[in-house]
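Have a look at the structure below before the remarks.
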Amino acid sequence: MKKIALLTSGTDAPGMNAHIRSVVRTANARGVEVIGVRHGFDGLIKGEFFPLERKDTANIISLGGTILKTSQSEEFKMPDFRAKAAENLTKAGIEGLIGCGGDGTMKGLHLLHRDHSIKTIGVPGTIDNDIFGTDFTIGFDTAINTAAEAIDRIRDTADSQGRVYIIEVMGSESGFIATMVGIACGAEYMAIPETITNVPDLHQRIKREGPHKRYIVVIGEGDEVGGAVELAALLKDCYNIESRVAVLGHLQRGGTPSVADRVLASRLGYGAVETLLGGASNVMVGEVHGQLQVTSLPQTYERKKALQDHLIRLAEILA
Ligand code: F6P
């Protein structure tokens, strides 16, 4: 292989730039040219290609977001647009494609491989950490540290005022972020999609603390009761419990990537290039128990990555 392409797709995650840097530098060291694709799969359809050189990756390792930009492409879900994307790749003489993103990205890469024989490698990049085939996804560590810092600040005022706070963190389908930051911040209660949120029980627990006591509930946005606003409304309407709501939202997705994310992104970038040059396709490169591991792309989204029971139990015991 002499020419490969790289894109970031779906929602961005801190550490994607460290990944881009690693792919370019590893490929160049192997005498391979990298073509950057702007705006994820949308850019693939429109042919937004440019030579991505080593100099473009100077000084980006500590930047949040992605210099390649990204998109949550609706068009790419349609076969005709995917065919156009494949044609653009072939016309540009590109022999393989690396894509960093979440489950939608893994699906898109799989379809390009299946329907158009494009050699594709996925790299897990999402703050949600919900991709099967890797212990951690790029961006997760930064997001939980950012959320923890915000919750620590809220805790100061919650404690001083003796208030109930319901704090919503991201994680559309999984409670990895909520559980980790809940444990790290000493939250009193965690509401996550993996377990049933029993509102009468939560009410009893808050009541047991007595009046004027701090009570921090961390809720994952994917919880079945809804988000922080809905849970606060239930507590007020059913039990007359006053609370304050904080939705941390997109601030969790920005900022300087943590050291752990920079190192993970660098390792996975290297692993992706080596895997592609080694002749593999239709796989994601992840890290499991400290080792690089490949998993077939369909498995990464068809199999559910379970939140470890021991973390849920620990959160319960310590709350
Ligand atoms: O998938 C990552 C994620 O940050 C989710 O946690 C969240 O639900 C979603 O992206 C939000 O996406 P958007 O940027 O479209 O609001």
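Values reported hereafter were calculated over all heavy atoms of this structure, with side chains retained and with hydrogens, waters and symmetry mates removed. First listed ligand is number 1; within each ligand, the first listed atom is number 1.
- Side-chain contact, Thr70 with Asp12: no donor N or O sits under 3.5 Å from an acceptor N or O.
- Nearest protein heavy-atom contact of atom 6 (O) of ligand 1 is Asp128 OD1, 2.6 Å.
- Of all protein heavy atoms, the one lying nearest to atom 2 (C) of ligand 1 is Thr11 OG1, 3.2 Å.
- Ion pairing of Glu95 with Lys2 is absent here, as no side-chain N (NZ or NE/NH1/NH2) approaches a carboxylate O to less than 4.0 Å.
- Of all protein heavy atoms, the one lying nearest to atom 12 (O) of ligand 1 is Arg253 NH1, 3.4 Å.
- Using a cut-off of 4.0 Å between Lys/Arg side-chain N and Asp/Glu carboxylate O, Arg205 and Glu316 are scored as salt-bridged.
- The closest approach between any non-hydrogen atom of Gln252 and ligand 1 is not below 4.0 Å.
- The residues Lys84 and Asp80 are annotated as not salt-bridged, no charged nitrogen and carboxylate oxygen being separated by less than 4.0 angstrom.
- The shortest heavy-atom contact between Val199 and Tyr239 is CG1-CE1, 4.0 Å.
- With ligand atoms numbered from 1 in the order given, ligand 1 contributes 13 (P), 14 (O), 16 (O) to contacts under 4.0 Å with heavy atoms of His250.
- Counting heavy atoms closer than 4.0 Å to ligand 1, residue Ile127 contributes side-chain atoms (C-beta onward) but none from N, CA, C or O.
- Atoms of ligand 1 lying under 4.0 Å from any heavy atom of Gly171, numbered from 1 in the order shown and given with element: 6 (O).
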